[in-house]
Amino acid sequence: MKLTGSQKWATGAIVAAALVLAGIGLYLSFEHVAVFAFERLRFGSIGKGQLFAVGVDVGIMIMIAVDLLMAWLKRPISWIRYPVWLLTAATVVLNAASGAPKGRAWGLMDYVAAGAHGLVPVLFIAVVELGRDAIDRMVRPDRAERDSIPWIRWTLAPTATARIFRRMRLWGVNSYPEMIRRDQELIAYEQWLKRKHDGDLSEATEDELLPMRMAPYGYTVAQALAMPDEQDQAAQKRAEDAERRRLDAETRSEVAQSEAAADRLRAKGKVETVRAEVDGQTGQARAHARAQVSAAERAAALEEAALETAVVAEARAREAEADCKTALEREAEAAADLRTAALERQAAEKRKEAAEADRVAAAEAQAVETRTIAENRRAAAETNRVAAETERVAAETARATAEANRKKAEEEGREEEALAQIARSKKEAAEAERAAAETRRVTAEIERRAVEAEDIAKLKPRERAVRRVARMILVAGGVDQLPLADIQHELAVTSPGTASEYRQEAAELLAGGYTPAA
C-alpha cells in the first residue's frame, strides 16, 4: 500500500518522536542504572557500571530494530519480542530500584518515584509494539484480524472465557462472535439431545455424542455430525481406488502375458525358419557326401579295371561314363528337387500370407457386416418401438370404442390406419434389411477386389494394413469417425501411436485418390 504525501510526513514525524522518546529514556536510565550497578550490583567501578547500562540499552535497541525490520520484510520473528520485554522489565526494575529510599521505610512518594523511574522504558516499549503492529498491517493487509475478548466477559466469567480464549488460539478462530456462535450451537444441541433421550445422555449413540467430544478440537456441530458420512465416503473411495489399482494390475498382467505369448510365437516362428534352413543345408551336405563316396567308389573300380585288359578297360570305361552320366542326371534331378522344394516353400508362404489376408479381409467384412447389422437392428428396434406405441394407441382407441359406441366407425378407421402404419413399418424394415444385404454384398465385392489388387501388386504387410484402415475410414464415414481402438482391435496393434500412424497414412492415401476397387 502506497502512502500519500501527508501520510509520509505523519509517519516521519511519528518515527522522529519515537526516536526522541528512546533518547530520553536512554538518557534518564543510563546514569541511574550505571550508579546502581556500581553501588549495589558490585561491578567494581563506575566505568563498568556504565558499560553494563550501555550494553543493556544497546541490546534492547538492536533486538527492536531487527524485530521491526523482519516485520517490514514480511518475515516476523515472534520469539524476539520476549527477550526485549525481559530486558526492558530488567531496566524498569533497575531504574525503580535506583530510586528506592536508603535507611528508612517506603513512603507514598517513594512508590511514586520508583514508578516514575520505570515509566519512560514502559512507554517506549508500548510505542515499539504499536509501530510493529502498524508495519505488520501495512505489509500484510490480507492477514486475518484476531478479535479480542471483551474485558467485561473476563470479569464476569473468567473460567469460561479462559476456555474460549484457549480454543480460539489453539484452533485458529480469529472471530470472537464466531466462537460464541459455536458455543451456543453446542449448548443448544446438547439440550436437544437431552430432551430426545429424557435427560439421559448415556442412551445417545456414538454419532450423536460426536459434537460434544469433538468441540475441544475445533469442530462445529455440523462438522462433527458430518464426520461419519465423510469417513464412510473416504473409506469407499479408498476401496474404489484399491479395486481400480487391482484391475489396472490385472490388465497390465494380461497385456504382459499377451506380449510374452506373441514373443514366444515370433521366436517359435524364427526357430522353425532356422530349422528349415538347417534341414535344407544338411540335406545338401548329405547329398554332396554321398556323391563324393560314389565318386571314390567309381575311382576304385576304374583303378581295378586298369589292371585288366584293354577291352575290359574300355568296357569298364564305357560303364563308368554311363555311371557318370547317371550321376549327373541324378545330381540334376536333385538340383531340380531342391528348386522344386524352394518353390513349394515360397508357394506355402504365399498361401499362408493369402490365408492371413483372407482372414483379415473376412474379419473386416465381418466387422462391417456386424456394424451394419447392429445399425439395422437398432432401426428395427426403433420401428418395433413405434409399432408398439402404435399398438398401444390402438388398444386405447379400442377401449374408447367400447366406452362410446357412437364413435365406433371413427375408432375402427383409426385402428385400420394403425394397422396400415404397422404394415408400412414392416415393409420399411424389410426394405432396410434388403438394403443392408446389398450393402454387405457391395462391401464384400469391394473387399475382394481390393485383396486381389493387393495380391497382384504384391504389397507389403504395412501397405496392406494402411489400405485396410483406408477402407475402414470409408465405412466409418471419415477419419474423425474412426476411433484408434477399432484400428488396434482389427489390426491387433497394441500401441495407440502405431494405430494413429496407420490412420494418418490411410488419410493421406485417400487424399491421394485411393479407392478400394483401384
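Residue numbers run from 1 in the order of the sequence given. No hydrogens, no waters, no symmetry mates; every other heavy atom, side chains included, goes into these values.
Taken from CZ in R213 to OH in Y219, the straight-line distance is 15.0 Å, to the nearest 0.5 Å. Taken from CD in E505 to CG in L510, the straight-line distance is 12.0 Å, to the nearest 0.5 Å. Atoms CG and CD1, on D486 and I473 in that order, are 11.5 Å from each other to the nearest 0.5 Å. Atoms CD and CD, from E433 and E431 in turn, are 12.0 Å apart once rounded to the nearest 0.5 Å. Once rounded to the nearest 0.5 Å, the distance linking CD of E501 with CD1 of I487 reads 11.0 Å. Atom OG1 of T251 is separated from atom CZ of R244 by 12.5 Å, given to the nearest 0.5 angstrom.
Contact check on R238 versus D241 returns no salt bridge, with no Lys/Arg side-chain nitrogen under 4.0 Å from an Asp/Glu carboxylate oxygen. Taking a cutoff of 4.0 Å between a charged side-chain nitrogen and a carboxylate oxygen, E178 and R181 qualify as a salt bridge. Comment: D248 does not engage R245 in a salt bridge, judged by the lack of any side-chain N to carboxylate O separation of less than 4.0 angstrom. A salt bridge does not link K237 with E230: every distance from a Lys NZ or Arg NE/NH1/NH2 to an Asp or Glu carboxylate oxygen is 4.0 Å or more.
Environment of CH2 in W9: sparse, with no more than 12 heavy atoms of neighbouring residues, nucleotides or ligands closer than 6.0 Å. Atom NE2 of H197 is surrounded by more than 12 heavy atoms from other residues, nucleotides or ligands within 6.0 Å.
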Pair T220-Q223, side-chain contact (heavy atoms from CB on, under 4.5 Å): steps then yes or no = CA-CA 5 Å; T220 63; Q223 290 173 344; 3.2 Å; yes

request  = With side-chain contact (heavy atoms from CB on, under 4.5 Å) as the test, would you mind laying out the steps for T205 and L209 before giving the verdict?
outcome  = CA-CA 6 Å; T205 63; L209 294 175; over 6 Å; no

task = Report the C-alpha distance between Y82 and W79 in whole Å, list the side-chain angles of each, state the deciding distance to 0.1 Å, and finish with yes or no for ring-ring contact (aromatic ring centres under 6.0 Å, His included).
result = CA-CA 6 Å; Y82 304 111; W79 61 267; 8.9 Å; no

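A donor-acceptor contact shorter than 3.5 Å links the side chain of S258 to the backbone of E254. When atom types are taken as modelled, the side chain of T161 and the backbone of A157 share a donor-acceptor pair closer than 3.5 angstrom. Remark: the backbone N or O of D200 is not paired with any side-chain donor or acceptor of E203 at under 3.5 angstrom. Using modelled atom types, no side-chain atom of Q191 and backbone atom of A188 make a donor-acceptor pair closer than 3.5 Å. Counting only distance, with no hydrogens or angles, the side chain of R503 and the backbone of V469 share no donor-acceptor pair below 3.5 Å. R182 contributes a side-chain N or O that, together with a main-chain N or O of G218, makes up a donor-acceptor pair within less than 3.5 Å. A donor-acceptor pair under 3.5 Å is absent between the side-chain atoms of W154 and the main chain of A162, judged by distance alone.
Looking only at side-chain heavy atoms (C-beta outward), I180 and S175 stay at 4.5 Å or farther from each other. Within the 4.5 Å cutoff, the side chain of Y189 has heavy atoms near those of the E208 side chain. Using a 4.5 Å heavy-atom threshold, the side chains of E490 and M472 count as touching. Proximity of K460 to R464: side-chain heavy atoms (C-beta onward) are nowhere separated by under 4.5 Å. Annotation: side chain of D263 is in contact with side chain of R266 (closest heavy-atom distance under 4.5 Å). At least one side-chain heavy atom of R153 sits less than 4.5 Å from a side-chain heavy atom of I164. Residues L201 and E190 meet the side-chain proximity criterion, which asks for heavy atoms closer than 4.5 Å.
A search for salt bridge (charged side-chain N to carboxylate O under 4.0 Å, His left out) contacts involving R246 returns E243, E250, not counting sequence neighbours. By the side-chain hydrogen bond (donor to acceptor under 3.5 Å, both in side chains) test, Q488 is found to be paired with no residue, residues two or more places apart in sequence or in another chain being considered. Taking the side-chain hydrogen bond (donor to acceptor under 3.5 Å, both in side chains) definition, one finds that D183 meets it with R167, sequence neighbours left out.
Judged by distance alone, the side chains of Q421 and R424 do bring a donor and an acceptor atom under 3.5 Å apart.
The two residues A204 and L193 come nearest to each other via the heavy atoms CB-CD2, 4.1 Å. Across L186 and A215, no two heavy atoms sit closer than the pair CD2-CB, 3.5 Å. In plain terms, the two heavy atoms of R195 and W192 that are nearest each other are NH2-CD1, 3.0 Å. Here the closest non-hydrogen pair linking A470 and A506 is N-CB, 3.6 Å.
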